[in-house]
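For reference, the structure discussed in these notes is given below.
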4 protein chains.
Amino acid sequence: MEDTSSRRRVPAGAKAEQRIRDILRVSRDVFAELGYERATTTEIAQRLGVSEGTVFTYFHGKRELCVRVIEDWYDEIISTLEQGMPHGQPTKAQLEFYVKTHLRLFLIQGTGLCALVLSEGRAKGPGLGEVFLPLQRRYTAPLMDLLARARSNGEIRGDLPLSLLRSAILGPMEHILWDAIARQREVDIEKTARDMVALLWPALQPVDLELEKLRGFYGEVSAALRKAAAD
Amino acid sequence: MEDTSSRRRVPAGAKAEQRIRDILRVSRDVFAELGYERATTTEIAQRLGVSEGTVFTYFHGKRELCVRVIEDWYDEIISTLEQGMPHGQPTKAQLEFYVKTHLRLFLIQGTGLCALVLSEGRAKGPGLGEVFLPLQRRYTAPLMDLLARARSNGEIRGDLPLSLLRSAILGPMEHILWDAIARQREVDIEKTARDMVALLWPALQPVDLELEKLRGFYGEVSAALRKAAAD
Amino acid sequence: MEDTSSRRRVPAGAKAEQRIRDILRVSRDVFAELGYERATTTEIAQRLGVSEGTVFTYFHGKRELCVRVIEDWYDEIISTLEQGMPHGQPTKAQLEFYVKTHLRLFLIQGTGLCALVLSEGRAKGPGLGEVFLPLQRRYTAPLMDLLARARSNGEIRGDLPLSLLRSAILGPMEHILWDAIARQREVDIEKTARDMVALLWPALQPVDLELEKLRGFYGEVSAALRKAAAD
Amino acid sequence: MEDTSSRRRVPAGAKAEQRIRDILRVSRDVFAELGYERATTTEIAQRLGVSEGTVFTYFHGKRELCVRVIEDWYDEIISTLEQGMPHGQPTKAQLEFYVKTHLRLFLIQGTGLCALVLSEGRAKGPGLGEVFLPLQRRYTAPLMDLLARARSNGEIRGDLPLSLLRSAILGPMEHILWDAIARQREVDIEKTARDMVALLWPALQPVDLELEKLRGFYGEVSAALRKAAAD
DNA sequence: GATGAATGAGATTTCATTCAT
DNA sequence: AATGAATGAAATCTCATTCAT
């Protein structure tokens with residue numbers, strides 16, 4: 001985006017890399033806790049026990065620091081998902097792994113960062129938005145692959161766009177996470193993951209038209225009977 | 001709460017109400033676009049073409065203004081949902097109405113405000129959070145009612161917590177909305193709503209145990225066959 | 001000072017005069033309670049139950065209003081002192097009247113206004129100071145007259161400037177008042193006035209040189225004896 | 001009291017201390033000249049030739065700055081009085097020292113600060129008042145000690161409350177100071193101190209009842225004679 | 001004459017960023 | 001390379017004063 005190379009030379013070397021890691025680690029905490037605007041470079045420096053100037057020796061500014069924090073976080077998630085995915089197992093088991101891992105990663109520290117991405121990703125002007133889109137694509141890739149493979153196998157329904165299926169899986173997870181945060185409740189990750197897949201799995205099945213018709217008929221008859229009884 | 005004894009009174013009357021509506025309308029835009037922190041009272045005043053002081057004639061401060069913006073937005077959504085809900089129709093039709101209306105309302109202007117609620121609702125300290133929780137409860141109430149009634153009728157499954165079903169419906173919608181915003185794509189609301197319900201409806205059905213067993217058996221056999229074919 | 005006549009026409013008539021009295025009465029309270037800076041025209045108008053503009057119909061601004069408040073207050077004090085002073089009685093009785101009346105007038109409402117005069121009277125720039133000096137002179141005049149008459153009669157000492165005697169009488173009173181305010185204590189006006197005069201009366205007596213010499217000698221001898229006893 | 005956890009730390013070190021002294025010195029001037037409300041942090045920064053932010057690097061806000069200014073001023077006065085007091089000398093000499101030192105310290109710069117304390121000390125709400133009361137007690141302590149010792153020696157009268165004697169000494173001094181300020185006149189400190197003690201010393205003497213009776217008789221006879229002569 | 005909404009200058013305070021040491 | 005004091009732009013909020021109604 002910008003030619004920042006001429007502005008400042010960022011130190012290199014083993015010690016410098018450790019410093020960068022430290023700054024990123026603490027910055028992640030601070031941004032996650034406070035959000036972009038309320039987080040201050042002073043706070044980050046204080047928690048690290050270094051001077052305020054030091055942060056600017058390694059990063060061009062608050063914005064770049066924030067971008068790096070989010071990039072690193074995405075990288076962690078993506079590599080955890082990619083490496084852990086049990087490709088040999090049935091689709092449902094893979095899906096359960098995906099959901100469980102997702103919930104776990106986000107609940108450790110992710111909600112603050114998630115909020116950060118959601119709110120800062122939207123910011124107009126010289127936004128962080130451009131940076132995040134490719135990251136989000138990489139991050140949903142394992143799920144999309146899984147779904148695409150299962151669909152080509154006929155394991156899951158082909159009558160709806162894949163992006164809708166993806167939303168039907170990622171969406172509920174995020175909603176559960178927000179809810180947990182908002183109400184400050186504990187989440188039983190294992191159980192929630194199992195329930196979630198139990199709930200969604202039928203939705204992903206290929207539509208059995210005969211069955212669907214029967215179900216529709218049954219539903220209407222039931223409703224009619226109830227209504228008749230009510231009158 | 002606060003000592004308002006010597007504060008200037010907020011004007012009342014038809015013209016004042018119009019002014020308040022104007023300020024709220026513009027503030028909604030600004031908060032939605034920029035988020036709480038980046039939004040400035042100066043910007044709001046400029047867009048309105050009034051002086052900065054005028055905003056403070058009608059609202060005690062930025063925080064109160066923001067709270068009012070969100071309350072009004074929630075009120076709109078809630079009353080639209082409550083008034084429009086076709087109670088006489090089958091559950092599936094009601095659900096379709098809920099999803100469609102939800103998507104429509106949020107796409108008009110909601111995503112920015114949604115982000116606002118999500119990010120500011122989390123803020124520590126003297127946050128906006130306390131204000132939002134009851135609003136969020138009121139806003140999900142129509143859906144919860146719908147689900148509860150359908151469950152007591154035996155129309156939808158009773159083996160999972162209602163909150164999970166709720167997340168499975170609200171979550172995908174929000175995800176779709178975020179996706180649409182992030183990629184700046186148009187959304188065909190009618191089609192998306194229909195697809196979404198078509199997708200989720202099977203998930204809400206009572207579990208037909210025999211069928212489920214057959215499906216499980218079928219799934220395993222299919223997977224085994226595929227695996228055998230692949231080797 | 002300024003030609004304000006062309007700026008605005010102040011209403012006249014019986015109703016207008018009542019209005020002016022009301023505004024001054026309330027303003028006196030507000031200025032006394034809050035001081036010049038913290039007092040607001042809004043507060044004054046609200047307590048009166050009139051609009052903010054009305055105050056400006058009768059006074060050119062906050063500053064003029066404050067000046068008028070103080071002038072009126074001085075006028076009250078001065079006329080009370082002038083009219084009540086028992087000229088026929090002995091000097092000591094007159095002094096007691098002066099002290100008692102002074103304490104009473106200031107304790108009713110005066111401390112706030114006294115603070116106002118002390119702090120605002122000092123303000124640099126387009127200050128209130130110029131206005132107050134003649135008022136203060138008029139206000140100390142009865143005391144100065146009393147002292148001057150008594151001195152010419154030989155009733156009080158002539159070896160020190162009158163202004164010093166005046167300070168020795170007014171000063172303690174103000175100090176007592178401030179102390180009462182600061183510690184929020186009640187003051188028994190009658191007793192305090194009597195004690196004060198009992199205390200100060202000897203100080204005002206003509207110096208009896210022979211007696212003074214004896215006293216000095218006595219004091220030194222006493223001190224020397226005490227010191228000898230202590231060693 | 002306050003959440004200072006994430007606030008920037010106040011610099012420490014020799015240079016920082018010099019800076020703090022500079023800020024306090026200039027702030028003292030500004031607060032003394034203008035009073036708390038009219039004094040601005042901008043003015044302070046400008047007189048120092050530093051940016052506005054710098055003041056806030058060293059003090060958390062205007063209020064704290066003002067409190068520090070007053071505390072420092074009191075400390076100066078108190079330590080000067082405590083250290084200089086000639087304890088070995090006669091009470092009258094000690095009193096003369098107290099009065100002289102007091103006048104000198106206040107005339108250098110004290111009147112503005114005195115006004116500050118008097119007017120801001122009264123302020124309602126989150127005032128500076130609480131801070132000042134203990135300071136004022138410490139500041140009058142040397143005088144109270146002196147009076148108490150002299151009274152227990154029988155050197156000064158015991159028929160009136162000590163607080164009244166204190167007011168009779170401090171009050172006139174303050175009055176003289178105010179007068180000097182208001183009229184912008186020079187004060188001959190040595191002479192004024194000597195005169196003041198000469199005036200007040202008789203007032204502090206133990207009451208000589210016989211003498212008092214004689215004086216009363218003399219006064220009444222004189223008055224009667226004068227009256228007879230006037231008729 | 002009264003009103004009271006609009007104004008806008010000005011005050012305090014925060015904080016990312018720089019740069020001399 | 002690290003420091004951390006200085007900076008100054010920008011933000012929120014107040015309130016005396018005006019003027020159209």
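Note that these values count all heavy atoms, side chains included, but never hydrogens, waters or copies made by symmetry. Lettering follows sequence order; numbering is per chain, from 1.
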Atom [atom1] of [X] to atom [atom2] of [N]: distance rounded to whole Å?
| X | N | atom1 | atom2 | answer |
| --- | --- | --- | --- | --- |
| C:E43 | F:dT14 | CD | P | 14 Å |
| B:E37 | E:dC15 | CD | C1' | 13 Å |
| B:L65 | F:dA11 | CG | P | 16 Å |
| C:F56 | F:dT18 | CZ | P | 7 Å |
| D:Y36 | E:dA11 | OH | P | 14 Å |
| C:F59 | F:dT18 | CZ | C1' | 18 Å |
| A:L48 | F:dA2 | CG | P | 12 Å |
| B:R38 | E:dT14 | CZ | C1' | 17 Å |

Minimum side-chain heavy-atom gap B:C66-B:L116 below 4.5 Å:
yes

Below 4.5 Å, heavy atoms only, C-beta onward: do B:F59 and B:T41 meet side chain to side chain?
no

Sequence-aligned protein contact record of nucleotides 1-6 of chain E, with B where the base is within under 4.0 Å of a protein heavy atom and S where only the sugar-phosphate is:
SSBBSB

Test of understanding: with side chain to side chain donor-acceptor pair (under 3.5 Å), list the residues that count as partners of D:E71, not counting sequence neighbours.
none

Charged tip of A:R68 within 45° of A:Y58 ring normal and under 6.0 Å:
no

Scan residues 10-22 of chain C for pairs that pass salt bridge (Lys or Arg N to Asp or Glu O under 4.0 Å), counting only residues two or more places apart or in two chains.
C:D22-C:R25

Can you list every pair that meets salt bridge (Lys or Arg N to Asp or Glu O under 4.0 Å) and has a residue in residues 49-59 of chain A, with sequence neighbours left out?
A:E52-D:R8

A:K62 vs D:T40, nearer the 5' end of DNA chain E by closest nucleotide
D:T40

Mind checking C:A39 for me? I need base, sugar-phosphate or nothing, with any heavy atom below 4.0 Å counting as a touch.
sugar-phosphate

Applying salt bridge (Lys or Arg N to Asp or Glu O under 4.0 Å) to D:E37 and not counting sequence neighbours gives C:R38

Toward the 5' end of DNA chain F, which comes first, D:V55 or B:G61, by nearest nucleotide?
D:V55

Going by an N to O cut-off under 4.0 Å, is there a salt bridge joining B:E33 and B:R47?
yes

Secondary structure string for DNA chain F (Watson-Crick or G-U under 3.5 angstrom, | for other-strand pairs):
.||||||||||||||||||||

For the CG atom of A:L24 and the CG atom of A:D29, what is their distance to the nearest 0.5 Å?
11.0 Å

